Each structure stands twice: as structure tokens, then as C-alpha cells.
Amino acid sequence: MSEDFRIRRQDFNLSDEQVALQESFRAYFDKTVPASRVRAAEPDGFDKALWDELRERSVVAMALPESAGGDGAGLVEVAIVVEEAGRRAAPVPMADVLASARALARLDAGADLLARMRDRDAIVTIAPGDGDRRLVPSGGIAEAVLALSRHDLVLIADGPAHIEANLACAPVAWRRISDGAAVGSADDWAVIEREWHILTAAALVGLGQTALDLGVRYAKERTAFGVQIGSFQAVAHPLVDAANAVDAARRLVWRAAWFSDNEPESVGALALCALVAAGDAADKAGATAIHTQGGFGFTLESDVQLYYRRAKGWAALAGHRPTLLRRIAKLAPQSTEVGQL
């Protein structure tokens with residue numbers, strides 16, 4: 001192992017090119033997705049015009065290898081873009097579709113479907129969990145679903161289903177797995193699920209960051225007893241704790257994404273740790289911002305609730321937290337990287 005590579009394993013700051021990518025998509029989402037557009041997409045949680053625009057910007061192709069007609073971005077770069085979408089609570093299925101597209105590019109089956117994802121408007125998602133009937137992220141707008149059925153990776157191509165009402169206003173739907181056709185193995189599924197966990201974690205970090213930003217802005221603008229309320233320790237300290245949690249989760253997402261690309265055999269529990277940390281951080285940031293805003297924070301007029309509800313809902317869709325923690329406990333002894341966290 002070269003010295004440069006060894007150092008890179010411990011340095012998860014972004015390169016100049018990655019910073020430029022981050023700034024570009026941040027400017028795009030800030031301009032294109034105000035809170036009013038997020039509200040307008042409720043309750044279904046999908047803005048087709050926005051998704052069409054993102055496809056025209058080659059967001060799906062960006063995440064694909066060059067052999068599949070893509071731009072060859074790594075998982076770190078994809079996670080950066082997904083986080084920026086999460087920062088605006090963009091009502092589009094970024095994590096679900098990009099994880100599915102990267103999966104189809106690795107499989108022998110699904111070339112036609114992948115081409116339609118890349119060049120037209122096909123949406124494919126994944127179904128975590130077990131059992132035949134599952135509540136699927138983006139299942140209400142996806143024409144196909146990837147899932148693990150016993151020991152096989154299956155593709156269910158039965159079209160969109162009825163969107164179920166939910167706290168996060170996400171396009172979730174119940175889908176049956178039993179009718180799927182086998183397209184891969186359990187090992188293939190493990191890679192898909194790992195990348196989806198990392199990208200979902202990135203989206204949660206984005207949600208948490210903006211909730212935190214809204215809380216900090218309010219603490220600077222609101223005054224009491226002649227001073228900004230942010231000068232009170234009871235207000236400032238929880239915001240600092242939330243900021244630390246969000247930043248730590250972001251670094252863990254980048255770390256997990258880098259290892260997934262460069263040393264997949266060493267990932268171990270990193271992806272699950274990133275998912276749990278990001279869910280906790282987004283929840284903490286949202287709750288802290290709501291309490292900072294006081295009574296206003298508990299109203300639907302507050303933008304913070306848009307992020308807090310999605311933090312709760314997206315984390316729940318990613319998996320039952322106690323189950324995720326048990327999986328981490330089983331994987332952690334096998335992972336030298338988790339032991340270094």
C-alpha cells in the first residue's frame with residue numbers, strides 16, 4: 001500500500017473537484033427548490049417536473065460507470081449530490097434511484113431498464129426488510145423494485161402502487177416481492193443495500209443541516225430581554241450539540257462511501273453506522289430547531305417541520321433502529337474500521 005493511499009484512508013476531507021461539485025448542486029437546489037415547492041409536492045412527495053429536470057442534468061448518468069454510459073462518479077461524489085438534495089428536502093427519489101441504477105449497471109440483467117432510467121423517466125427503487133409484503137421507499141412511483149427474496153436478488157416489474165399516507169409525505173407504497181424474477185444473488189443485494197444505506201444517510205445529513213441552519217438563524221434574529229436568544233446557554237448549547245452530531249455523521253458518510261468504493265472488504269458495519277448516526281443527527285437537529293423556535297416551531301407554517309418530519313420518516317423507512325443496531329453489533333467485531341471510530 002502506497003503512503004498516499006494509506007494517508008487517504010484516514011483523510012476524508014473533500015478534494016477541490018468534490019467541493020466544486022458540492023457548490024454546483026447546492027446552488028442549483030437552493031435556487032430551484034424553495035420550501036414552497038416542497039409543500040406543493042405534498043402529500044405524495046414527488047415533483048415530476050423537478051425529476052425530469054434533474055435527469056436532463058444527467059444526475060442518473062453521473063452515478064453510473066462509463067461502461068454503462070455514465071460519467072463514472074464514485075460513491076463519495078454521489079453522496080455529496082444526495083446530501084445537497086436532502087438539504088432542500090427535494091421531493092425526488094435521489095437515494096433510491098441512484099442506488100438502484102448503480103446496481104443494475106453491475107448486473108447482467110436489466111440493461112434495457114437501466115437505459116430507460118438513464119435516458120428517459122423510468123424509476124426503480126429497492127425494498128429493504130423481509131417478508132412478502134413490504135412498505136417500499138418510492139414504491140408509489142417506481143415501475144420496478146429490487147429486493148432480496150430468500151437467497152436471490154429479484155426484480156419486481158409490476159408498476160407503481162397506491163401511495164400510502166405517511167408522516168414524511170414520501171411516495172411509499174406496499175409492494176409484494178413473491179412475483180419477482182431472480183436477477184442476482186444475496187451478495188449482489190448486500191452491495192445494493194450498503195450503497196442505499198450510505199446514500200440515505202447522506203440525505204438525512206442534508207435534512208439535519210438545514211434544520212440546524214434554520215434554528216441558528218432564528219436564535220440570531222429573535223430577541224428576548226434585549227438580547228439575541230442565541231446568547232443564552234440553554235439555547236446555544238443544544239444547537240452546538242446538534243451541529244456536532246450532524247458534522248460527525250457527515251464525516252462518517254464520506255468515510256463509509258470511500259471504503260465502499262476503494263476497500264469494500266473493509267466496510268463492515270460502517271454503512272450501517274453512518275445510517276444510524278445520520279438518522280439520530282437529523283432527528284436531534286430537527287427537534288432542537290423546533291424547540292429553539294418555541295411555539296412557532298410546532299406549527300405547519302414553520303419550515304423546520306418539513307425537515308423534522310422527513311428525518312423521522314426517511315430514517316424509519318431505512319430500517320427499524322433496534323434491528324439496525326443488532327446488525328451493527330454482529331458486524332462490528334469483523335470490522336477493523338469500526339473499531340477505529
Side-chain angles (χ1 to χ4, degrees), residues 38 41-52 54-55 59-60 63 82 85-86 89-104 107 109-110 113-114 116-117 120-150 152-184 188-189 192-204 207 275 279 309-320 323-324:
V38 179
E42 293 183 340
D44 290 348
F46 179 55
D47 186 329
K48 189 177 185 305
L50 177 60
W51 184 242
D52 288 342
L54 282 166
R55 285 190 304 98
V59 71
V60 176
V82 173
V92 286
M94 292 284 285
D96 307 335
V97 170
L98 298 185
S100 300
R102 288 169 64 87
L104 290 173
L107 300 172
L113 183 58
L114 178 61
R116 287 192 286 121
M117 291 179 73
R120 293 194 290 280
D121 60 354
I123 292 176
V124 180
T125 187
I126 80 164
D130 51 25
D132 180 40
R133 189 168 180 264
R134 303 182 195 177
L135 191 60
V136 178
S138 302
I141 56 175
E143 66 177 69
V145 179
L146 289 164
L148 180 66
S149 178
R150 296 184 180 179
D152 293 323
L153 170 65
V154 298
L155 180 67
I156 305 98
D158 55 1
H162 172 71
I163 296 176
E164 298 289 339
N166 60 94
L167 177 69
C169 290
V172 300
W174 291 101
R175 304 287 286 263
R176 293 199 175 277
I177 307 303
S178 55
D179 295 332
V183 293
D188 295 319
W189 169 256
I192 297 170
E193 186 183 43
R194 181 178 73 220
E195 293 198 351
W196 182 69
H197 282 160
I198 292 170
L199 296 182
T200 300
L204 286 165
L207 289 177
L275 179 61
R309 288 190 291 109
R310 282 159 180 78
K312 288 284 191 181
W314 294 2
L317 286 169
H320 184 227
T323 301
L324 297 177

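The shown structure was predicted, so the numbers you read here are calculated from the model rather than taken from an experiment.
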Subject >> Separation of Asp179 CG from Ile156 CD1 (nearest 0.5 Å) >> reply: 8.5 Å

Subject >> Shortest non-hydrogen contact between Ile126 and Ser100, atoms and distance >> reply: CG2-OG, 3.3 Å

Subject >> 4.5 Å side-chain heavy-atom contact, Leu204 and Leu275 >> reply: yes

Subject >> Heavy-atom pair with the smallest gap, counting every atom of Val60 and Ala101 >> reply: CG1-CB, 4.0 Å

Subject >> Asp44: partners by salt bridge (charged side-chain N to carboxylate O under 4.0 Å, His left out), with sequence neighbours left out >> reply: none

Original post:
Within a strict 4.5 Å, meaning less than it, do heavy atoms of the Cys169 and Pro91 side chains meet?
Top reply: no

Subject >> With Arg176 via side-chain hydrogen bond (donor to acceptor under 3.5 Å, both in side chains) - residues at least two apart >> reply: Asp132

Original post:
Backbone N or O of Ala63 within a donor-acceptor pair of the Arg102 side chain at under 3.5 Å?
Top reply: yes

**OP:** Determine, step by step, whether Leu107 and Leu155 satisfy the side chain to side chain contact (heavy atoms under 4.5 Å, CB included) criterion, reporting the C-alpha distance in whole Å, the side-chain angles of both residues, the deciding distance to 0.1 Å, and the verdict.
**Re:** CA-CA 11 Å; Leu107 300 172; Leu155 180 67; over 6 Å; no

Subject >> Straight-line distance of Ile141 CD1 to Ile163 CD1, nearest 0.5 Å >> reply: 7.0 Å

Original post:
Would you call Glu193 and Leu148 a side-chain contact if the rule is heavy atoms closer than 4.5 Å?
Top reply: no

**OP:** Before giving the answer on side chain to side chain contact (heavy atoms under 4.5 Å, CB included), spell out for Arg133 and Ser178 the whole-Å C-alpha distance, their side-chain angles and the decisive distance to 0.1 Å.
**Re:** CA-CA 8 Å; Arg133 189 168 180 264; Ser178 55; over 6 Å; no

Original post:
If you round to the nearest 0.5 Å, how far is CD1 of Ile192 from CG of Leu153?
Top reply: 4.5 Å

Original post:
Partners of Ala181 by side chain to side chain contact (heavy atoms under 4.5 Å, CB included), sequence neighbours excluded?
Top reply: none

Original post:
Can you list every pair that meets side-chain hydrogen bond (donor to acceptor under 3.5 Å, both in side chains) and has a residue in residues 156-170, with sequence neighbours left out?
Top reply: Asp158-Arg175

Original post:
So which heavy atom on Trp174 is nearest to which on Ala161, and how close?
Top reply: O-CB, 3.8 Å

Subject >> Interatomic distance, Met94 atom CE to Leu54 atom CG [nearest 0.5 angstrom] >> reply: 6.0 Å

Subject >> salt bridge (charged side-chain N to carboxylate O under 4.0 Å, His left out) against Asp188, all qualifying residues, sequence neighbours excluded >> reply: none

Original post:
Just how far is it from atom CZ of Arg55 to atom CG of Asp121, taken to the nearest 0.5 Å?
Top reply: 5.5 Å

**OP:** Test Trp51 against Val97 for side chain to side chain contact (heavy atoms under 4.5 Å, CB included), laying out the working first.
**Re:** CA-CA 11 Å; Trp51 184 242; Val97 170; 3.7 Å; yes

Subject >> Spacing of Thr125 atom OG1 and Leu146 atom CG [to the nearest 0.5 Å] >> reply: 8.5 Å

**OP:** Locate the shortest heavy-atom distance separating Val59 from Leu98; write the atom from each residue and the value.
**Re:** O-CD2, 3.7 Å

Subject >> Under the side-chain hydrogen bond (donor to acceptor under 3.5 Å, both in side chains) test, residues paired with Ser138 that sit two or more places apart >> reply: Asp96

Original post:
Closest approach of Ala203 and Trp314, non-hydrogen atoms and distance?
Top reply: CB-CZ3, 3.8 Å

**OP:** For Pro93 and Phe46, work out which heavy atoms get closest and say how close.
**Re:** CD-CE1, 3.8 Å

